[in-house]
Protein chains: 2
Amino acid sequence: MNAETAERIRAVAVELGYRANPQARALSTTRTSMIAVILADVTNPVFFEVVRGAELAAYEAGYTMLLAETQESAERERAVLERALSTVDGIVLTSSRMSDSAIRQIAKVKPVIVLNRVVTGVPSVVTDNLRGMRRAAEHLGELGHEQICYLAGPEASWADGMRWRSLREAAMELELRVRRVGPFAPTVNGGVAAAAEWGRQRTTAVVAYNDQMAIGFMRGVRAMGGQVPRDVSVIGFDNSNMAELVTPALTTVAAPLHSLGVTAARNVLAISRGAQARATEAVVLPTKLVVRESTIAPE
Amino acid sequence: MNAETAERIRAVAVELGYRANPQARALSTTRTSMIAVILADVTNPVFFEVVRGAELAAYEAGYTMLLAETQESAERERAVLERALSTVDGIVLTSSRMSDSAIRQIAKVKPVIVLNRVVTGVPSVVTDNLRGMRRAAEHLGELGHEQICYLAGPEASWADGMRWRSLREAAMELELRVRRVGPFAPTVNGGVAAAAEWGRQRTTAVVAYNDQMAIGFMRGVRAMGGQVPRDVSVIGFDNSNMAELVTPALTTVAAPLHSLGVTAARNVLAISRGAQARATEAVVLPTKLVVRESTIAPE
DNA sequence: GTGAAAGCGCTAACAA
DNA sequence: TTGTTAGCGCTTTCAC
């Protein structure tokens, strides 16, 4: 058949509204052109850009994104994974509640990329927590603060552990004192609770596990009659869209949310197409400190 | 085969990690147990709860949700739909950019539910804009305002048309004066632009197309040296999670975001299972006015 | 290069 | 009831 007739056939096909049946194709090729993104909470602004990035990367590669929310429930995460597993060509796991070994198990069956967490043997994409926290500490140091209180996020969170350790190390080098309160839920309400805790032994500066907590903290301080940044400087983490809408606008470590999503999706696609995963090496994406109104020099 | 052996087989099956292949099943049944949710902008807080509701309803019914973002591009919407169409059992269309007839076309091929828009012949689920706007007008009237400025959203938006008309009617009955400025983009920046426009002929009260615009408006007013609510009362629409985080906290008409998502998903599933769609009747979900700090009596 | 046929893993219709 | 078989619509292999 020559190229011209092929073209004509194609033309008639679209005219007739013919669409290849993806299920039939999938059945013989075992590839569905779909990837799954699993996350704990669609409501968390941190994920917006991640989801958008992943969807964009998928779209560009001709893939469709399937999104499932686990509502922070391990049981639901299993159920969701169970369902998606045989339907997709790869999985992006965000804020998973599962154990490392459970994740490795899944990774044996389908390509998996873990986001913001390191699981040995499974490729991952993470934020550069280390340098992010370092910049936060430097900023505070430059302003003249001498003591920092870290508002910890969820206990089991890999990212929380990294952030706290990074902050502590940076503080040590810069000769700042740090302490840690928590753990708290990584939400606005968690931040409010953290404010109460902080109130019992105040510091002139606070670094929160994430923006949501930082925002809650500011609110808590205000409820206690205090004022940010006059009474306490606060730094968040993520630079979610909330950060600049809040008053005072939040100084925060900007995580590369969009890139995180794009990179994760691309990598999972690459692996599913047979690329050799440089398994052990996590891809580390850079952060940057965004200084806004919530940090000033102490009195 | 008796029930007992059936059970044993089942047991062995899970032990062996057997999973029915969904593609093969879909091929013979023509049902995939997936629904698609199409939206313009994952980043818009209005959709969080909608998406969550839809995902929840899907999950409970044993379905998986496929999410696609159109980035406000009609072309992308087509492409996305093209891809999803033969992969899902039903489609929830949110903030579609397509024409009514294009939507009807799709609805012929697969069950479709339209959200926050009425397309004759296609079942839809909408917010009760009428009573919502009426409550907003009443609230302002009770406070003693006599003139209201409506900050219009996107021109082509069905919801914008409804909201403006509803507000105007309510105002007329309550003997308030209203005018309309815009259209503006339904975003924070759109609201900032609206503030400039409003500044040329001020009113003591403003009702915005949505929360995002209301927030942008407040910011714009502040940038112009004004203060909310002292200089102008403002009411948003949606009660997205931003509304209570902003300072001053935003008075807003709460749209039933979660129910919208749940209802849409359930209905599309029902139709796909053969339920007779009460085609023409849109399901209208109730709103409620949430009074916070951004509205007070005029001076 | 072109065409025919087998088979992907399931469901449903049909015999037994 | 139980067992058998014919497809679902594609891809791929294999013979021509």
Side-chain angles (χ1 to χ4, degrees), chain A residues 1-36 58-59 61-66 79-91 105-106 108-111 269-275, chain B residues 1-36 58-59 61-66 79-91 105-106 108-111 269-275:
Chain A
M1 174 165 66
N2 68 50
E4 193 187 321
T5 24
E7 198 39 62
R8 266 182 56 207
I9 292 183
R10 226 173 292 280
V12 175
V14 316
E15 189 181 328
L16 260 42
Y18 169 81
R19 285 180 255 276
N21 177 328
Q23 278 73 44
R25 172 172 298 167
L27 187 54
S28 59
T29 59
T30 68
R31 338 205 74 261
T32 60
S33 293
M34 299 200 284
I35 62 168
Y59 174 79
Y63 281 67
T64 299
M65 184 188 78
L66 190 153
V80 147
L81 235 24
E82 185 62 32
R83 248 181 239 171
L85 208 52
S86 35
T87 306
V88 298
D89 294 344
I91 298 174
Q105 214 58 39
I106 308 271
K108 276 181 197 157
V109 184
K110 279 282 159 76
L269 290 180
I271 297 175
S272 107
R273 285 168 181 154
Chain B
M1 176 165 67
N2 67 50
E4 192 188 320
T5 25
E7 199 37 63
R8 265 181 58 206
I9 292 183
R10 227 173 293 279
V12 176
V14 316
E15 189 180 329
L16 260 42
Y18 168 81
R19 285 179 253 277
N21 178 329
Q23 278 74 43
R25 171 172 299 167
L27 187 55
S28 59
T29 59
T30 69
R31 336 205 77 261
T32 61
S33 293
M34 299 200 283
I35 62 169
Y59 174 78
Y63 281 67
T64 299
M65 184 189 77
L66 189 153
V80 148
L81 236 25
E82 185 61 35
R83 249 181 238 172
L85 209 51
S86 35
T87 306
V88 299
D89 295 344
I91 299 174
Q105 215 59 40
I106 308 271
K108 276 181 198 157
V109 185
K110 279 283 158 75
L269 291 179
I271 297 174
S272 107
R273 285 168 179 154

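Letters A, B, ... mirror the listed sequences (proteins, then strands); counts begin at 1.
For the residue pair B:Lys110 and B:Leu85, the shortest heavy atom distance occurs at NZ-O, 2.7 Å. The two residues B:Ser272 and B:Arg31 come nearest to each other via the heavy atoms O-NH2, 2.5 Å. When every heavy atom of B:Arg83 is checked against every heavy atom of A:Tyr63, the shortest pair comes out as NH1-O, 3.0 Å.
Rounded to whole Å, the distance from CG on A:Leu16 to C1' on D:dG9 is 17 Å. In this structure, CG of A:Asn21 is placed 16 Å from P of C:dC10, rounded to the nearest angstrom. To the nearest angstrom, C1' of D:dC10 lies 20 Å from CZ of B:Arg25. One atom, CD1 of A:Ile9, and another, C1' of C:dT2, lie 13 Å apart when rounded to the nearest Å. Between B:Gln23 atom CD and C:dC10 atom P there is a gap of 10 Å when expressed in whole angstrom units.
The listed nucleotides are C:dT11, D:dC10, C:dC10; the one nearest the side chain of B:Tyr18 is C:dC10. Of the candidates C:dG9, C:dC10, D:dC10, C:dG9 carries the atom nearest the A:Leu27 side chain, counting heavy atoms from C-beta on. Comparing C:dC10, C:dA12, D:dT12 against the side chain of B:Thr29 picks out C:dA12 as the nearest.
The structure places CD1 of A:Ile106 at 8.0 Å from CD of A:Glu82, a figure rounded to the nearest 0.5 Å.
Remark on the helix from C:dG1-D:dC16 to C:dC14-D:dG3: inter-end axis angle 50°, axes from five-pair C1' superpositions, rounded to 10°.
Backbone-only contact: B:Arg19 has heavy atoms under 4.0 Å from sugar-phosphate atoms and none from a base. Within the 4.0 angstrom heavy-atom criterion, no nucleotide atom of any strand lies near A:Ala26.
The closest side-chain heavy-atom distance from B:Thr32 to B:Thr64 is not below 4.5 Å.
The number of heavy-atom neighbours closer than 6.0 Å to CZ of A:Arg8, taken from other residues, nucleotides and ligands shown, is 12 or below.
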